Amino acid sequence: MSKLIAALMSAAAIGAVATSASVAQQAPKSTAVTPVSAKQARARADAIVAKLTLDEKIMLVHGLFPPMAGGKTQEELIPSAGHIDGVPRVGIPLVRESDASLGVANQVEQRKGDVATALPSSLATAASFDPEIARAGGAMIGAEARAKRFNVLLAGGVNLTRDPWGGRNFEYLGEDPLLAGELAGAHIAGVQSNRIVSTIKHFALNAQETGRMVLDAQIDEAALRESDLLAFQIAIEKGKPGSVMAAYNKVNGHWASENAFLLNTVLKRDWNYPGWVMSDWGGVHTTVKAANAGLDQQSGQELDKAMFFDAPLKAAVEKGEVPMARLNDMVARYLTGLILTGAFDTPMPSAAQPIDYAANADVAQRAAEAGIVLLKNDGGILPLAASAKKILVVGGGADVGVLSGGGSSQVRSVGGAPIEIPLAYGGSASFARITYHASSPVAALRKAAPGAQVDFTDGRNLNATLEAAAKADIVIVFATQWTTEADDVPNLRLPDHQDALIGAVSRAQPKTVVVLTTGGPVTMPWITQVPAVVQAWYPGQRGGEAIANILTGKVNPSGRLPITFPVREAQAPRPTPVGLDLLTGLERDAASNPAAGGDFSLKTFPVKYQEGSDVGYRWYERQGSKPLFAFGHGLSYTSFAYAQPQVTGGKKLTVSFTVTNTGQRAGADVPQLYVTRDGSGKPMRLAGFQRVTLNPGESRRVTLTAEPRILADYDTSLPGWRIAGGSYRVAIARDATDRSMTLATTLDAATMKP
């Protein structure tokens with residue numbers, strides 16, 4: 001048993017958070033919080049800091065890891081991610097932190113019996129192309145967190161998908177900085193509407209899990225500003241998170257948690273960010289360098305090699321190695337983040353509050369339905385016709401539930417885990433299990449199609465499976481790929497011979513539909529053999545119902561890919577995780593997971609991002625490479641037409657056009673705006689998008705205004721953003737490769753601050 005699991009299990013005896021399914025817990029109504037500016041919040045924070053002793057200041061800049069922190073506080077330790085005592089004499093509240101990317105996490109049931117609502121994966125939310133879906137999910141998670149007595153959530157993941165095999169891709173929002181930034185900002189705002197803090201993470205360039213604690217991510221400044229940092233910048237502007245979490249990895253030679261360029265220059269100077277920077281758990285390496293470089297708080301200190309921001313920081317301040325003014329700033333930023341979000345002035349309940357889990361499950365189901373992508377539908381085989389009286393469902397555990405992703409985002413969902421498999425090895429073995437949510441697609445299909453006979457086979461008996469497939473009217477194969485924090489997948493093939501199973505089934509029954517519940521893209525050697533493919537991601541607590549509603553047509557699919565699907569692995573900038581061939585298995589575990597005994601003496605290895613700012617679909621266009629399915633792609637059971645396009649230029653770029661539902665069903669479309677400067681040789685970039693829901697025959701005029709930083713290049717000599725004057729080419733498109741409606745306009749030259 002690993003050190004972390006042993007600690008978590010023993011910590012469960014400290015106490016569990018009780019919950020009950022009754023009235024939904026909303027943001028508290030009894031305590032009014034008057035919005036204040038960042039300047040006002042900082043002034044208030046500075047006044048509080050002036051009243052603190054040195055020991056009190058030090059106490060506020062390092063947090064406990066509850067499973068390993070027994071005896072270090074007189075307050076109740078709820079088994080969770082983090083705990084920071086308050087200072088009651090000056091009104092500073094106690095802070096309890098929880099992982100919460102997809103719901104209030106309880107990874108290995110450290111809080112016995114405590115369940116929460118599980119959203120679908122963040123990639124599914126990104127596939128909705130709908131900030132309102134993202135905000136609703138955040139608001140739901142934040143309400144449940146407050147009911148469970150947490151007031152800081154480790155949410156807001158916005159690292160761009162640079163490699164399709166990334167183990168944590170499912171927790172993030174895809175490969176485009178505008179889409180990721182807009183939806184992350186909306187999610188963060190939703191969380192914080194409950195007067196609690198959401199982080200934004202992981203700052204920055206945490207694009208792979210292999211060796212994530214020792215790798216050195218290398219990229220030039222302009223490219224970084226135009227890609228990953230732009231996603232963070234937009235999300236911070238939109239969501240105003242109370243805290244930023246630093247990444248584990250190095251960026252251009254310096255650990256992210258002590259990277260003065262990222263923390264002091266970009267975040268605090270250029271973006272004027274007022275909140276605090278916390279470390280990731282086990283991600284601190286020094287005291288003096290980290291503090292002076294901009295790290296404000298050491299998180300989960302027991303997972304680091306030393307409690308750097310406790311006694312060592314006090315000694316460094318007393319020696320003058322860390323100025324007292326810097327320590328005051330660290331504390332003031334912490335308080336400012338709490339004040340701005342309302343967490344400072346909104347007391348936490350003294351006991352767990354009731355939660356309406358049924359209502360919250362509806363939020364999760366709507367998100368799943370909006371994010372499921374219909375990739376292929378030859379001959380209109382979907383939605384399932386009433387004539388399909390005998391349906392065979394194969395594989396994927398679809399008889400009992402739907403797969404979820406692993407790691408710190410794991411939610412113990414309502415209904416329990418019908419499948420849960422401990423791990424014997426790997427970077428995530430100490431804190432992850434292969435876990436399913438109890439939402440059976442088979443049961444949901446039987447309910448959605450009561451006139452059909454729906455049978456299930458797990459596919460292990462191939463002869464029996466093929467015989468049943470041949471006798472069915474239609475076969476639905478559920479294919480799975482489990483991915484997790486702390487480990488990357490070594491390739492993009494479906495594991496456990498599922499590709500061969502799909503091929504064999506499709507030969508036995510030409511009417512075969514494949515439903516993918518995966519962490520991201522997979523290769524599809526069988527794609528020409530099956531008429532329909534549905535990308536369901538990890539669909540969350542109501543995933544079975546959502547999938548059944550899409551397959552039967554009760555809900556019209558409207559998701560669009562937030563990530564490019566390659567034909568083959570070699571099309572990606574890096575066809576396999578960098579470092580797999582450099583580290584042994586034990587070294588990979590240590591270099592990917594602090595709780596597994598992360599060894600920072602392991603040799604750091606470089607990951608060179610030669611694609612620069614041309615992430616995802618831009619890389620494919622730059623290389624002249626055709627993907628299997630493009631970014632932005634997604635089909636519908638109805639059809640849409642665009643007409644009467646107009647474009648204006650000058651000081652800003654705006655396009656207007658009419659969208660008409662030309663089919664027979666109500667549905668949602670996602671028109672996308674792509675732009676590039678003529679003669680630049682640069683790929684087109686997503687500059688705007690809008691989700692539009694229309695009834696049959698209905699038309700609507702849509703206007704999209706291009707995000708100016710997408711039109712610009714980052715100029716380090718300014719420094720800042722520079723829009724070159726001249727002619728620009730514009731595409732009103734259904735995906736990143738669609739050039740069926742192109743326009744041209746002229747823009748004025750302009751510059752913007754960083």
Side-chain angles (χ1 to χ4, degrees), residues 1-2 4-5 8-9 80-81 98-110 115-116 118-124 154-155 157 159 161 163-172 201-202 206 208-213 248 280-282 396-397 400-413 416-439 479-492 494-496 516-522 536-541 543 577 585 588-589 591-596 598:
M1 181 178 287
S2 74
L4 181 57
I5 285 183
L8 291 175
M9 293 308 178
S80 61
S98 175
D99 291 302
S101 292
L102 307 175
V104 182
N106 189 11
Q107 295 92 346
V108 290
E109 207 172 6
Q110 56 264 43
V115 297
L119 286 175
S121 65
S122 294
L123 271 182
L154 313 178
N159 297 97
T161 302
D163 295 296
W165 35 255
R168 215 168 181 180
N169 285 348
F170 74 93
E171 274 193 66
Y172 301 142
K201 62 185 185 183
H202 304 86
N206 173 201
Q208 74 170 56
E209 295 297 287
T210 300
R212 63 178 176 163
M213 304 201 67
Y248 284 130
D280 204 341
W281 274 235
V400 294
V402 289
L403 184 62
S404 63
S408 61
S409 67
Q410 182 68 61
V411 178
R412 309 292 304 181
S413 61
I419 299 175
E420 190 166 39
I421 305 170
L423 303 176
Y425 57 88
S428 61
S430 66
F431 64 101
R433 301 169 182 168
I434 300 173
T435 304
Y436 278 63
H437 298 304
S439 177
T480 62
Q481 173 214 45
W482 186 69
T483 63
T484 180
E485 176 185 352
D487 291 298
D488 293 313
V489 294
N491 56 65
L492 300 184
L494 288 170
D496 303 321
L516 297 168
T517 53
T518 66
V522 293
W537 315 104
Y538 300 140
Q541 179 174 314
R588 283 198 298 273
D589 292 353
S592 299
N593 178 14

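All values derive from a computational prediction rather than experimental measurement.
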If I take atom [atom1] from residue [X] and atom [atom2] from residue [Y], how far apart are they, to the nearest 0.5 angstrom?
X      : Y      : atom1 : atom2 : value
Tyr538 : Thr435 : OH    : OG1   : 11.0 Å
Asp280 : His202 : CG    : NE2   : 4.5 Å
Thr480 : Leu516 : OG1   : CG    : 9.5 Å
Asp99  : Asn106 : CG    : CG    : 10.5 Å
Asn491 : Trp165 : CG    : CH2   : 12.0 Å
Glu209 : Thr483 : CD    : OG1   : 9.5 Å

Testing the 3.5 Å rule here: is there a donor-acceptor pair between the side chains of [X] and [Y]?
X      : Y      : answer
Ser80  : Gln110 : no
Ser428 : Glu485 : no
Glu171 : Ser122 : no
Tyr248 : Ser592 : no
Thr210 : Asp487 : no

Give me the atom names and distance for the closest heavy-atom approach of [X] to [Y].
X      : Y      : result
Ser430 : Asn593 : OG-ND2, 2.9 Å
Leu403 : Pro539 : O-CD, 4.0 Å
Gly401 : Tyr436 : C-CD2, 3.7 Å
Gly282 : Pro594 : CA-CB, 3.8 Å
Ala155 : Ala100 : CB-O, 3.6 Å
Asp488 : Pro577 : CB-CG, 3.7 Å

Donor-acceptor contact below 3.5 Å, side chain [X] vs main chain [Y]:
X      : Y      : answer
Asn206 : Gln208 : yes
Gln481 : Gly519 : yes
Asp163 : Asn169 : no
Gln541 : Ala118 : yes

query = Would a 4.5 Å heavy-atom cut-off, applied to side chains only, mark Val104 and Val411 as touching?
reply = no
key: Within-4.5 Å side-chain heavy-atom neighbours: Ser101 and Gln410   = no
key: Audit row: Phe170, Ser409, side chain to side chain contact (heavy atoms under 4.5 Å, CB included) steps and yes/no   = CA-CA 10 Å; Phe170 74 93; Ser409 67; 3.5 Å; yes
inquiry  = Using a strict threshold of under 4.0 Å (side-chain N to carboxylate O), is an ion pair present between Arg433 and Glu109?
reply    = no
side-chain hydrogen bond (donor to acceptor under 3.5 Å, both in side chains) partners for Ser413, two or more places apart = His437
remark   = Sorted by chain and number, sequence neighbours left out, side-chain hydrogen bond (donor to acceptor under 3.5 Å, both in side chains) with Thr517 holds for none
inquiry  = Restricting to side chain to side chain contact (heavy atoms under 4.5 Å, CB included), what partner residues turn up for Ala124, sequence neighbours left out?
reply    = Pro120, Ser121, Trp537
task = Take Trp281 and Leu154 through the side chain to side chain contact (heavy atoms under 4.5 Å, CB included) test and state the conclusion after the steps.
result = CA-CA 11 Å; Trp281 274 235; Leu154 313 178; 3.6 Å; yes
